[in-house]
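Below is one structure; the comments refer to it alone.
All values below were derived from every heavy atom in this structure, side-chain atoms included, with hydrogens, water molecules and symmetry-related copies excluded.
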Amino acid sequence: MTRFLPLPIIFLLFLIVPIRFVAQVTTVSDVKERPTATAVALETGPVIDGEVMDDPIWQQIEPFGDFTQAQPNFGRPATEKTDVRVAYTKETFYVSVVCYDARPENLVVSDARRDADLDNTDAFLFILDTYKDGQNGFVFGTNSLAVEYDAQVDNEGQGNFNANRQQGGTIGGFNLNWDASFVVRTQVNDYGWSAEFAIPVRTLRFQAGKDWGINFRRNIRKTNEIVYWASMPVGLDLKRLSLAGTLTGLNLPSPGNLKLIPYVLGRMDKDFNDVDPKNRFDAEVGGDVKFSVTPSLTLDLTYNTDFAQVEVDDQQVNLDRFNLFFPEKRPFFLENAGLFSVGSPGEVDLFFSRRVGIGENGSVVPIIGGARLSGKLNRTNVGFLSMFTEEVAENGIEENNFTLARVNHEFKGRTALGAVFVNKEGLQSDNYNRTLALDGKLGLGRKARMSGFFAKTEDPNDTINAHSFKFQTDYNWNNWEMRAAYTEVGQGFNPEVGFLLRSAFRKPEGLVLYHLRPKNPNAKILEYRPHISYRGYWNFDGFLETSFLHIDNHFEWKSGNELHTGLNITTEGVVNAFDISRGQDVVIQPGTYNHAESQIVFFTNRSNPLSINIRSVIGGSFGGTRFVESITGRWRIGDKFNSELTFLYNNYQLPVGNFTANILSTRLSYAFRPNIYLQGLIQHNTSDKLWAANIRFGWLQQANTGLFIVWNYNVFDNEPLNNSIIIKYTRMFDLVR
């Protein structure tokens, strides 16, 4: 136990550099009164061409602005003026903005594709809380190239997510794969740049007769500024809807909404493992129907569902004895994903949509079709999903029905109570698996919240302790982020339509983090983030299987560079021997392994044409030593060409043997126009001896529909494995326009 005595001293060392700024720290004991804006009713909408300054319709509307810095100088007024106007007709919701800029020739635009990351560019974004519930909303944004950016937010964005739609997926909180049908146009001029948004009312879900929550954000890259209309405390952002402003003056009728989204697809496949490899040709048709039952409740129907245009999974190496998590990327399952997400994202997911249509080995299980009803009835979120999948005899998969029913009632004060029922039923057998759960959250003012869930599973097997639960308390205010939680998964808990990172454990965890900002506006440091976190996993015999104590400090400069320094104290308890090398006969024996390791992360400003990200972990592992090195280089040419090269190097030197496991990944993209792009992902996994190439061409139309051409080629152990060429065309027909 003596080895843990110096830890408080070590933690204090991480505070030595920033401690002299304690007297100058910027804190927020409360927030300013939330601002209010008025939407102006119009008989005729403006022409959407990006011109705001000389448009007579916009010029008759009084603008509003007064944006406040979140960074680099918290609480100070924005250094550039921003004029916003909001209007609407019976059919369309309009937003215009004039972003004044003293040096418009230096505007930063890094990517022209739809839903490209706007964080490191000059950009304008806004969020609409159309239910005025302080929890759920729609995000729209653009840059000076008129990129279409849209996303869906639930639970104020809290959840596990990967923000890059082109590379990842999401589990609740923030859904970048939600695609709306809207128009945005921009212009760049001597005064800066301007933008106009025209969003069809039927694109949004809302409750008639209510004011909306609204907030606006602007990025000014030449000064690395992030500014908000409704100011945000340190550590919070646009998604914190309970702190948004209010939009009044709305008198919108209930719009009809019926969209038909068919597709046609042709593909050619060749499997080199066949006795006589030949090209196989297939053609498919299918599609979706979207119907608004009410302005806030939508029915989606799908037939012969296909996701050929979706990027393949990133390669991963499993260097432990637990499950790997691959995020959902398929658009049908990502719409309203947060409503259906219950549990602890990425660790105990009670519903994991990748179980529908994807086999255990990643193979495709054809989806016959299904239906989804989702939306809101007053303050109650409701969701129903039912999907049917085909039999795949060679993989031992029978025909199945997957059904999920979800209800969640939101009370005032960031409080909610809900339930979910998940059922998997074999259509030709008595096999079934069911999960039933209750979940809720209790808001403790604006600063803190308690949340949790309790779940049980049922199947034909006679199991014990088929339960799981989690209780968590969060505090996020006055520059502090604190969290404490306890999770338990019983030995018999088996959600077959969910995801378990590991089974049968008891896990306490905690985090304390502080945002320490120098008050001196001339300081080069933007923020220090000293923090300490812990998580531990015990099995039901009281044996410690994993313990991870992390002590760290993040240094973020106003230039956009960032450095993370960390120390990890680890314990790994192995109950059963396992092959960590995946076939290289390096077998870890049962026992308890206590170690320490150093960790350092450094990355440069991603708004620059060339940027790098380096991560290094060196320390003990399973009685020996491991070296984990990761380097990512990004290079762009203007706003058209983007490239990213990542090399992950794992070197283990253990008493039972040595081995390496590496991944090389290259991403390339060229945007001919914001709606026409060519993307490539080439990966090499040394553990699986696999080379994989995924090349995609997209010509987008409304709401991410259009023409897609996809080529896949896989090589195993230097021999061709399989390849395919897919051409898919999908189009949206608005039947009530």
*Does the cation-pi check pass for Arg502 over Tyr537, that is, NZ or CZ under 6.0 Å from the six-membered ring centre and within 45° of its axis?*
yes
Under 4.0 Å between a Lys/Arg side-chain N and an Asp/Glu carboxylate O for [X] and [Y]?
X	Y	answer
Glu509	Lys470	yes
Arg634	Glu644	yes
Asp119	Arg217	yes
Glu156	Lys239	no
Arg321	Asp579	no

*Got a donor-acceptor contact below 3.5 angstrom from the Thr604 side chain to the Ile612 backbone?*
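Such a contact is found between Thr604 side chain and Ile612 backbone.
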Closest non-hydrogen atom pair between [X] and [Y], with its separation:
X	Y	answer
Pro518	Ala523	CB-CB, 3.9 Å
Phe659	Gln584	CB-OE1, 3.4 Å
Leu350	Pro495	O-CB, 4.5 Å
Arg240	Arg446	NH2-O, 2.7 Å

*Describe, in one word, how the ring planes of Tyr593 and Phe622 are oriented to each other, choosing from parallel (under 30°), tilted (30 to 60°) and perpendicular (over 60°).*
perpendicular
*Got a sec, which pairs hit salt bridge (Lys or Arg N to Asp or Glu O under 4.0 Å) with one end in residues 520-536, sequence neighbours left out?*
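Salt bridge (Lys or Arg N to Asp or Glu O under 4.0 Å) check on residues 520-536 returns Arg517-Glu527, Glu527-Arg529, Arg529-Glu556, Arg529-Glu562.
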_Show every salt bridge (Lys or Arg N to Asp or Glu O under 4.0 Å) that has at least one partner inside residues 617-633, sequence neighbours left out._
Glu597-Arg626
*asked:* Going by the rule ring pair (Phe, Tyr, Trp, His ring centres under 6.0 Å), which residues pair with Trp691 if we only count those two or more places apart in sequence or in a different chain?
replied: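 Partners of Trp691 under the ring pair (Phe, Tyr, Trp, His ring centres under 6.0 Å) test: His684.
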_Holding to ring pair (Phe, Tyr, Trp, His ring centres under 6.0 Å), I want the full list of residues that pass it with Tyr228, two or more places apart in sequence or in another chain._
none
*asked:* According to side chain to side chain donor-acceptor pair (under 3.5 Å), who are the partners of Asn136, at least two apart in sequence or on a separate chain?
replied: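 Result, side chain to side chain donor-acceptor pair (under 3.5 Å) vs Asn136: Asp133, Glu410.
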*Residues that Asn662 engages under side chain to side chain donor-acceptor pair (under 3.5 Å), provided they are two or more places apart*: none
*asked:* Can you confirm whether or not the ring centre of Phe548 sits under 6.0 Å from the ring centre of Tyr534?
replied: no
*Using the side chain to side chain contact (heavy atoms under 4.5 Å, CB included) rule, pick out the option among Thr686, Leu645, Ile682, Leu648 that qualifies with Leu664.*
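That would be Leu645.
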